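The model shown is predicted, which means the values in this text are computed figures rather than measured ones.
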Amino acid sequence: MRIARLPLDEQLAAMPRVLGTNPVLTAVLHQARTLDLPGWWVAAGAIVQTVWNHVTGRDPGYGIKDYDLIYHDPSDLSWEAENEVIRVGRRVFGDVPVEIRNEARVHMWYEERFGVPCPPYDSTEDAIDSFPATTCALGARITAAGEWQVYAPYGVSDAFGLRLRPNPRLAPRHVYEAKVARWTRDWPELTALPWP
């Protein structure tokens with residue numbers, strides 16, 4: 001039976017096995033843990049795209065351009081503080097393209113980049129909840145005890161079912177549609193639902 005048709009608890013139980021097929025993702029998760037960032041997750045593209053690659057029989061790293069490591073630290077909202085974390089991350093991750101962002105700072109630049117205001121996020125989970133497609137609103141991490149955790153506010157059946165579902169909570173329509181254009185080019189099996 002396809003994972004997308006399993007009960008939710010079985011879908012979530014399959015996530016560590018599926019994500020574990022991507023050795024780069026697994027290494028990033030283990031290395032991210034050493035940074036001890038508050039509320040961190042590896043999120044979005046690298047997570048959902050590893051799932052798509054599993055479902056479509058592609059190489060686990062196919063189409064993944066970077067690995068998004070997000071955290072939430074409101075104690076210092078300066079660019080300098082975030083940039084220091086990015087510098088440390090470069091030493092930890094080496095040549096692996098890891099994009100590190102402090103989600104507590106997003107409201108400071110979001111409107112200039114995307115044209116709509118963004119209220120301050122109160123956590124990384126709050127940020128994930130607002131990703132442009134509910135399908136990619138996913139986070140994963142490995143705890144110090146080696147246990148996998150998955151954050152999936154909208155579930156994972158769309159990811160396993162190759163469905164793109166828009167999330168109009170924050171991102172404007174053009175952001176969703178640009179992502180759909182890229183994703184469906186690389187994974188033509190995807191079905192994109194229209195913007196509401």
Among residues at least two apart in sequence or on other chains, which ones pass side-chain hydrogen bond (donor to acceptor under 3.5 Å, both in side chains) with D126? R169
Under 3.5 Å, is there a donor-acceptor pair between the D36 and Y71 side chains? no
Using side-chain heavy atoms (C-beta onward) and a distance below 4.5 Å, is F93 in contact with I100? yes
Student check: side-chain heavy atoms of Q149 and W41 closer than 4.5 Å: yes
Could you pull out all residues at least two apart from T191 that satisfy side-chain hydrogen bond (donor to acceptor under 3.5 Å, both in side chains)? none
Sole residue of V98, I47, D68 in side-chain contact (heavy atoms from CB on, under 4.5 Å) with V42: I47
Test salt bridge (charged side-chain N to carboxylate O under 4.0 Å, His left out) applied to E99 - qualifying residues, sequence neighbours left out: R101
Same apolar cluster: V55 and I3, side chain cutoff 4.5 Å: yes
Under the rule for salt bridge (charged side-chain N to carboxylate O under 4.0 Å, His left out), what residues qualify as partners of E125, not counting sequence neighbours? none
Within the 4.5 Å heavy-atom criterion, are V28 and L69 side-chain neighbours or not? no
With the side chain counted from C-beta on, respond yes when W187 and Q49 share a heavy-atom pair under 4.5 Å apart, and no when they do not. yes
Would you mind reporting whether Y154 and T135 have side-chain heavy atoms less than 4.5 Å apart? no
Applying side-chain hydrogen bond (donor to acceptor under 3.5 Å, both in side chains), name anything that partners E111, two or more places apart in sequence or on another chain. none
List the steps and the verdict of side chain to side chain contact (heavy atoms under 4.5 Å, CB included) for L164 and K179. CA-CA 10 Å; L164 296 172; K179 289 187 177 295; over 6 Å; no
Atom pairs and distances, side-chain donor-acceptor, residues 14-26, under 3.5 Å, sequence neighbours left out:
residue	atom	partner	partner atom	Å
T21	OG1	V18	O	2.6
N22	OD1	V24	N	3.1
N22	OD1	L25	N	3.1
N22	ND2	T50	OG1	3.1
N22	ND2	P60	O	3.4
N22	ND2	Y67	OH	3.4
T26	OG1	N22	O	3.1

List the residues meeting side chain to side chain contact (heavy atoms under 4.5 Å, CB included) with P97, not counting sequence neighbours, and say none if there are none. D66
Check ring-ring contact (aromatic ring centres under 6.0 Å, His included) between Y176 and all other residues, then give those that pass, not counting sequence neighbours. W195
Closest heavy-atom pair and its distance - G155, L8: CA-CD1, 4.4 Å
Pairwise side-chain contact, S157 with R163, heavy-atom cut-off 4.5 Å (strictly under): yes
Determine whether a donor-acceptor pair (N or O, by modelled atom type, separation under 3.5 Å) exists between the side chain of E103 and the backbone of I70. no
V156 side chain near V51 side chain, heavy-atom distance below 4.5 Å: no
So the ring pair (Phe, Tyr, Trp, His ring centres under 6.0 Å) pairs with at least one residue in residues 102-138 (sequence neighbours excluded) are Y110-F114
Going by the rule side-chain hydrogen bond (donor to acceptor under 3.5 Å, both in side chains), which residues pair with Y62 if we only count those two or more places apart in sequence or in a different chain? none
Can you name the residues that form a side chain to side chain contact (heavy atoms under 4.5 Å, CB included) with A81, not counting sequence neighbours? D76, S78
Hey, can you tell me if W183 and W52 have their rings parallel, tilted or perpendicular (30° and 60° cut-offs)? perpendicular
Just to verify, what does R90 make a side chain to side chain contact (heavy atoms under 4.5 Å, CB included) with, not counting sequence neighbours? I86, R87
Residues C118 and L170: closest non-hydrogen pair is SG-CD2, 3.7 Å
